[in-house]
Amino acid sequence: MPARVAVAADQDGPGGRLQPLAEDGTPLGEPVRVRDLAAAVAEHEAAEAPRWVWAATDEVYGRLLPRLPASRLARCHDVKLVEPLLLGQEDRYGQPRSLGAAWARLHGLPVPADLPEGSAASDADQDTLFAPDRTRLPPGADPLQALVAVHAEQQRRIAATAEPGRIRLLCAAESAGGLVAAEMAFDGLPWSAEVHDQLLYDLLGSRPGGGGQPAKLASLSYELQQALGGKPLNPDSPGQVLRAFAEQGISLTTTRNWVLRDLDHPAAPLLLRYKELSRIHAAHGWAWRDTWARDGRFRPEYVVGGVVSGRWASRGGGALQIPRILRAAVVADPGWRLVVADAGQLEPRVLAAMSNDPGMIRAGAAGDLYAGLAADAFKGDRARAKLGLLGAMYGQTSGETGQLVAVLRRRFPQAMGLVEAAARTGESGGVVRSQLGRVCPPPSASWLDLTEGAGPASDTGDDSAARDTRSRGRFTRNFVIQASAADWALALIAGLRRRLAAIPVATDGDRPRLVFFQHDEVIVHTPAQLSDAVRTAVADAGEEARRLVFGATPVQFPLDTHVAESYLDAKGGSDDEDEDADG
DNA sequence: GTCACGTGCGCC
DNA sequence: AAAGGGCGCACGTGAC
């Protein structure tokens with residue numbers, strides 16, 4: 001029985017070719033041509049559940065999904081997701097990642113650039129040197145043979161890394177993320193047009209015809225204009241707003257919210273309200289829904305590995321920035337529930353686990369890590385403890401927060417030592433890694449030019465070289481935490497996906513589905529009667545992720561899990577998810 | 001008209 | 001007090 005099977009779909013039509021492989025990528029027998037690729041894949045899956053090997057999950061699996069049984073596929077190896085992880089291991093960061101690029105490198109041929117993500121391949125691919133699909137193979141190359149060769153090479157490269165076990169896990173987790181992303185795009189997030197409409201009506205008034213301005217915005221805009229002297233004013237133009245305030249004798253340098261909140265002038269609250277509503281109208285209004293949330297599902301596109309830290313990015317619809325107020329529109333189907341789980345205080349817990357700092361471990365053991373920190377070092381002032389710790393992880397050094405960081409440095413030397421070592425590595429031009437070994441990008445050539453000889457210790461002032469150096473330090477400081485949190489989250493969704501698939505269901509259509517993932521939070525859409533099974537799956541997956549990524553750490557990564565009909569209800573009224581631990 | 005950029009704000 | 005990391009998106013602005 002093959003451990004793996006490589007898949008190449010035909011350019012058009014439902015057929016394709018399969019090549020059984022040994023675990024190390026060696027072909028077992030001859031490739032098999034099939035007329036119905038989805039049926040053949042489903043048959044293999046039922047028989048032996050191999051790890052599927054393909055050029056890119058979003059394309060191959062995305063096309064198979066509609067024709068696969070509801071049980072879908074368990075595991076894959078995504079060559080295009082794995083390639084940049086391995087390039088990072090080999091000090092070759094940033095090279096093109098397509099199958100064609102990897103194949104060209106393997107053969108010492110000119111390497112094709114990656115196509116811009118999201119563009120239709122046929123549009124962007126004006127040159128005729130490479131395939132019209134996104135594999136970027138030259139026309140002479142056989143896609144299946146190229147896939148088999150590149151995959152075997154990737155397996156060899158994984159084995160050649162310093163810690164093959166970790167990198168193998170990282171590659172598997174990233175590939176599993178590809179499966180999840182494709183399925184979430186396919187299944188969509190349940191979205192109630194009725195609730196969304198009601199929200200928009202309450203906030204903005206009736207939907208304007210012809211894309212005009214909603215009534216509430218028009219009247220706010222008029223009131224604002226009157227409050228600022230009565231001259232015509234576009235509230236969306238920061239320049240005009242600043243000039244209008246100046247004419248009222250108020251000198252501002254920016255119109256940011258935090259400035260306006262402290263401003264004692266009748267125009268300030270009007271402008272704040274205008275900004276709030278106009279943003280909802282522009283970013284998540286009727287036009288947004290027409291485009292992204294049709295037929296009861298919000299279907300964004302997720303970009304696995306779209307952030308260098310391993311976080312996902314999204315393309316279109318702002319999937320990872322759904323405003324809190326609109327979460328009321330995320331509503332389960334009748335008879336179904338949303339199981340919403342978020343990992344509270346994930347990043348400080350990651351820091352505690354990575355650094356093994358005894359004080360931080362103690363602080364987290366009681367449940368609320370910030371409160372524990374506060375009891376230990378800030379006379380119980382939780383807000384200051386939280387501010388200080390976030391400052392330490394983000395690189396804040398100035399102002400009051402800088403002093404809080406100094407307190408933390410004395411009380412939690414191991415934890416602070418870890419982030420500060422990461423910062424120093426970055427400042428001196430080095431790279432840092434996540435817990436599973438994801439490598440951060442090296443500094444750019446221009447960074448090296450600019451900062452040459454201008455080490456942070458030799459700061460002569462606030463010249464741009466020193467600023468760039470510090471900025472690089474903040475980036476690497478944060479990278480070790482953010483990227484390791486992403487490691488954990490990927491392991492979480494991979495394990496959760498596997499457990500959800502194992503939950504027995506009455507009928508095929510009634511399966512729990514992972515429908516949302518946002519850095520440290522997941523939503524599962526499930527038949528109501530399976531809610532408890534899903535809760536268990538979430539908790540078990542979190543525990544498994546902890547063990548896989550952090551080994552024997554005593555640090556817990558508790559998942560705050562709620563079952564509800566709407567996302568808003570599940571999240572409660574807290575305006576700070578870190579505070580959820582309080583109640 | 002398109003494009004790149006800056007501003008500002010949503011999320012983590 | 002406003003020199004904290006990572007994103008995506010809409011808008012205004014200025015260059016072409």
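In what follows, chains carry the letters A, B, and so on, assigned in the order in which the sequence lines appear, proteins first and then strands, with residues in each chain numbered from 1. These numbers come from the heavy atoms of this one structure, side chains and all, not from hydrogens, waters or symmetry mates.
In this structure, I322(A) reaches the sugar-phosphate backbone alone: every heavy-atom distance under 4.0 Å involves primed, P, OP1 or OP2 atoms, never a base. Using a 4.0 Å heavy-atom criterion, one finds that R327(A) contacts the sugar-phosphate atoms exclusively. Heavy atoms of E400(A) sit nowhere under 4.0 angstrom from any nucleic acid atom. Residue-level contact check: G306(A) touches neither bases nor backbone, having no heavy atom under 4.0 Å from any strand.
Applying the 3.5 Å distance criterion, the base of dG6(C) shares no donor-acceptor pair with the side chain of Q482(A). On a pure distance criterion of 3.5 Å, a polar donor-acceptor pair joins the side chain of R311(A) and the base of dC12(B).
Both thresholds, 5.5 Å between centres and 30° between ring planes, are met by Y394(A) relative to the base of dG5(C), so the two rings are stacked.
At least one side-chain nitrogen or oxygen of R474(A) sits closer than 4.0 Å to the OP1 or OP2 atom of dG5(C).
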Checklist entry - Just by protein heavy atoms under 4.0 Å, how would nucleotides 10-16 of chain C read 5' to 3' in B, S and -? => result SSSS---
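Between R207(A) and D290(A), at least one side-chain nitrogen of the basic residue sits less than 4.0 Å from a carboxylate oxygen of the acidic one, meeting the salt-bridge criterion. Residues E427(A) and R424(A) are not paired through a salt bridge, judged by the lack of any N-O separation under 4.0 Å between the basic side chain and the carboxylate. Contact check on K80(A) versus E83(A) returns no salt bridge, with no Lys/Arg side-chain nitrogen under 4.0 Å from an Asp/Glu carboxylate oxygen.
When rounded to the nearest whole Å, the span between CG of L390(A) and C1' of dG4(C) equals 9 Å. We find that CD of Q396(A) is positioned 8 Å from C1' of dA3(C), with the value rounded to whole Å. Taking atom CG on L389(A) and atom C1' on dG5(C), their separation rounds to 13 Å, with Å as the unit. Following rounding to the nearest Å, D520(A) (CG) and dC11(B) (P) show an atom-to-atom distance of 14 Å. Taking atom CG of L271(A) as the reference point, atom P of dT7(B) lies 17 Å away to the nearest angstrom. Atom CD1 of I280(A) is separated from atom P of dC9(C) by 17 Å (rounded to the nearest Å). Counting to the nearest Å, the C1' atom of dG4(C) and the CG atom of L404(A) are 13 Å from each other. Rounded to whole angstrom, the span from the NZ atom of K275(A) across to the P atom of dT7(B) amounts to 13 Å.
Taking for each of L387(A) and V307(A) the nucleotide of DNA chain C with the nearest heavy atom, the 5'-most of the two is the partner of L387(A).
With no hydrogens or angles considered, no side-chain donor-acceptor pair links Q435(A) and S484(A) at under 3.5 Å.
Taking the six-membered ring wherever Trp is involved, the centroid distance between the rings of F517(A) and Y302(A) does not fall below 6.0 Å.
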Next on the checklist: Would F516(A) and H525(A) count as a ring-ring contact (aromatic ring centres under 6.0 Å, His included) here? Give the steps.
Outcome noted: CA-CA 9 Å; F516(A) 190 64; H525(A) 189 220; over 10 Å; no
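The side-chain contact (heavy atoms from CB on, under 4.5 Å) test with L271(A) is passed by exactly one of L224(A), N257(A), L233(A), L220(A): L224(A).
Of all heavy-atom pairs spanning L548(A) and L436(A), the tightest one is O-CD2, 4.4 Å. Considering every non-hydrogen atom in both A486(A) and R311(A), the closest pair reads CB-N, 3.8 Å.
Within residues 253-264 of chain A, the residues approached by DNA chain B to less than 4.0 Å at the level of any non-hydrogen atom are T254(A), T255(A), R256(A), N257(A), in residue-number order.
In this structure a side-chain-to-backbone donor-acceptor pair under 3.5 Å is present from S219(A) to K216(A).
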